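Sequence lines set the chain letters: A, B, ... in the order given, protein chains first and strands last, and positions in each chain run from 1. Just so it is clear, the values below take in all heavy atoms, side chains as well, and ignore hydrogens, waters and symmetry mates. None of the values given here were measured: they were computed from a predicted structure.
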Number of protein chains: 2
Amino acid sequence: MSEQSTEPRPTLEAVAARAGVSRATVSRVVNGGDGVREPLVERVRQAVEELGYVPNQAARSLVTRRHDAVAVVIAEPETKVFADPFFALQLRGISKELTAHDSQLVLLLTEGRADHARVGRYLAGGHVDGALVFSLHLDDPLPGLIHGVPTVYGGRPGWIDGSRGAVYVDCDNRGGAREAVRHLVGLGRRNIAHITGALDQTSAVDRLDGFRDVMVDADPKLIAEGDFTPGGGERAMRELLDRCPDLDAVFAANDLTAVGAMRVLRERGRRVPEDVAVVGFDDMLPFTEQADPPLTTVRQDIEEMGRLMARLLLRGLDRTSSASASGGLAGAPSSVVLPTTLVRRASA
Amino acid sequence: MSEQSTEPRPTLEAVAARAGVSRATVSRVVNGGDGVREPLVERVRQAVEELGYVPNQAARSLVTRRHDAVAVVIAEPETKVFADPFFALQLRGISKELTAHDSQLVLLLTEGRADHARVGRYLAGGHVDGALVFSLHLDDPLPGLIHGVPTVYGGRPGWIDGSRGAVYVDCDNRGGAREAVRHLVGLGRRNIAHITGALDQTSAVDRLDGFRDVMVDADPKLIAEGDFTPGGGERAMRELLDRCPDLDAVFAANDLTAVGAMRVLRERGRRVPEDVAVVGFDDMLPFTEQADPPLTTVRQDIEEMGRLMARLLLRGLDRTSSASASGGLAGAPSSVVLPTTLVRRASA
DNA sequence: CGCGTCATTGAGAGCGCTCCCTTTTCGAAT
DNA sequence: ATTCGAAAAGGGAGCGCTCTCAATGACGCG
């Protein structure tokens, strides 16, 4: 372990002394320098430099009640789902945006009920300025535990009254699904099956709805439940094949599911796309491009979603602080649904 | 955005008043309750409960100089690498361990030099108690920027004097590589090739060394440089095949690389494992199990590595705080190298 | 030339908590 | 009973910073 430096870090006071000014002036300079005359600014800057002064965030937070930190809550009980790069991409987007606003990212991973209580306590404890919450399942108790903490959700939350002021960022799951299925229809496929995602998540439900929008009177036998994993895709594909040997297309709720499905198809001697066309969802590289055959899929910009979530939250925080001053002119940020695009590759 | 609660959160003072005791007593109870008589403890507990009191971390840190927070620095310039679940698993391990010690995880993602400066400043700023640093490349300037912050590295850092007190957690890359290659030799393979990882990382170098340990006088033509990605694996595999058409086995620096290599092998009509046996490294599920054929690989327990890193760091922090009192009796934690195991599947 | 006005700067009061140190309490020993 | 001493509880300083407010000085105008 690298050694611990023992000499105390310089304080505002020290900088002030060195620059021959008052604490208040140093504070002003450090926080933007408005209303301080140029020569003084320069002197203070130099003192800061020489002493290697870094503000003590704890002391600052104590008085400002801001933390310049945002919690990212990933509530994913299943370790397996962690194997998909989804979160990594979102995190990257979030991180970039937060960094640009000098905010820190506090990561809260939960699995299981006990963790929820912990996270609730943490958020309620006012340690962070806001929260970005992911992967809510329909019955998740977390939202109830979040009081008074500005929050933006990743993906449409599932509670009944879809609004309740909850702000979220999502992609157009339903529209994307429609486009995927229409594409299959356009290819002349008639027996189009769907492997759903985990139906306790709204994204899975929305994609299923999109599928049904197009296949209005689809045989229920053509719908099998998956769970967003390759394993789930395999299982569902087997069921489907057993129930409807004559299916000629599959729309899978995500790419991982599609990969699983394609494996079973190959196993059973069906050629993709000749015998069965396959469309996925997410466009998760490198899975899709390097699948065999490369996967036709619905692209959503995951990193952008993360960035947007952070941006929305930060904007909301600004509003909160300026609201009292400006009379709350700026409207509360509202949810954003990003468009999707169909990416045609070889599988359909 | 969820609404902002406006009523101020209760302070120690408020709890004290409610319980009819002094601030100091409440503080004692909140921090463990030693030296407070039972009836009082109970009264205070109840007051805390009723008021929904949560300690203000900023105020606490201000005086204790502890933050109960650890930074996790992931220095990965290449977005692509983010597509592998490696970090997600490590993070999970780290998160579990930190949670168990009531510490928070501050995630610092960097790409590019500018970010390094930012991270250096942040760490030097004493916002966290320690740091866990990943994916150091050989020329990374970050270590130089970390002064006085207890740090544990993920993977052996690459600076020349392998020690300098740096604590790290790694798996036995060299030993694992040896085992993999010996396995191939045991299979009767003679023209064994190696696709390396990104050679600016010690794990890649160590695995290459392990390869050479066994293949003492391997033809340099049988070694091609990859970068831990499927794309890199493909490229390297093509080179290898062009240079040495008679190779009968490949040891890939990681599973992703192996997947890429296998794709090229299939493309070129070589059967795995009949014509060319393939061994990977990491045992990254679900890649390995679901590869076609399922991949023989060297398993390392990634999540455990993360957990261990956190544990080492926290232990070091304890030591730091108790050192002055106990005369620094407890030894500094030292690096840990975890064993690997060969997992035999179908590819070799 | 004096006074009002505005822009700068300084002084000081806390933010909520921990921890040292003093005061009180209580039980045991004389 | 009285004293003593340890344990328990309270008082108060102060962590490093921001922010309000007062003091200072520069400057323009009557």
Of B:A58 and B:A24, whose nearest nucleotide on DNA chain C comes first from the 5' end? B:A58

[X]: salt bridge (charged side-chain N to carboxylate O under 4.0 Å, His left out) partners, not counting sequence neighbours:
X	answer
B:R43	none
A:E13	A:R23
B:R118	B:D115

Which part of the nucleic acid, if any, lies within reach of A:R65 when heavy atoms closer than 4.0 Å are counted: base, sugar-phosphate only, or nothing? sugar-phosphate

Using heavy atoms and a sub-4.0 Å distance, could you list which residues of residues 11-21 of chain B are near DNA chain C? By number, please. B:T11, B:L12

B:D170 (side chain) donor-acceptor with B:R156 (main chain) under 3.5 angstrom: yes

Can you check whether B:V149's main-chain N or O pairs, donor with acceptor, with B:T151's side chain at less than 3.5 Å? yes

Distance in angstrom units between [X] [atom1] and [N] [atom2], rounded:
X	N	atom1	atom2	answer
A:L62	C:dG14	CG	C1'	9 Å
B:D68	C:dT18	CG	C1'	14 Å
A:R60	C:dG14	CZ	C1'	18 Å

Restricting to side-chain hydrogen bond (donor to acceptor under 3.5 Å, both in side chains), what partner residues turn up for [X], sequence neighbours left out?
X	result
B:E42	none
A:T25	A:S22
B:H116	none

Assess the residue pair A:V70 and A:Q104 against the criterion (side-chain contact (heavy atoms from CB on, under 4.5 Å)); give the C-alpha distance rounded to whole Å, side-chain angles, the decisive distance to 0.1 Å, and a yes or no. CA-CA 6 Å; A:V70 166; A:Q104 295 310 320; over 6 Å; no

Roughly how far, to the nearest 0.5 Å, is the CG atom of B:L132 from the CG atom of B:L98? 6.5 Å

Quick check: on DNA chain D, is the nucleotide nearest B:S22 upstream (toward 5') of the one nearest B:V63, or the reverse? Name the residue that is more 5'. B:S22

Could you give the angle between the helix axes at the two ends of the helix from C:dC1-D:dG30 to C:dT30-D:dA1, with five pairs per end, rounded to 10 degrees? 50°

Tell me, please, which residues at least two apart from B:F134 pass ring pair (Phe, Tyr, Trp, His ring centres under 6.0 Å). none

For B:Y122, which residues count as a ring pair (Phe, Tyr, Trp, His ring centres under 6.0 Å) partner, sequence neighbours excluded? B:H127

Let's see if you get this right: which residues in residues 36-54 of chain A place a heavy atom under 4.0 Å from DNA chain D? A:Y53

Hey, where on DNA chain D does chain B first and last touch, going 5' to 3'? Cut-off is any atom under 4.0 Å from a heavy atom. D:dA8 to D:dG16

For the residue pair A:P55 and A:V30, what are the closest heavy atoms and their distance? CG-CG1, 4.0 Å

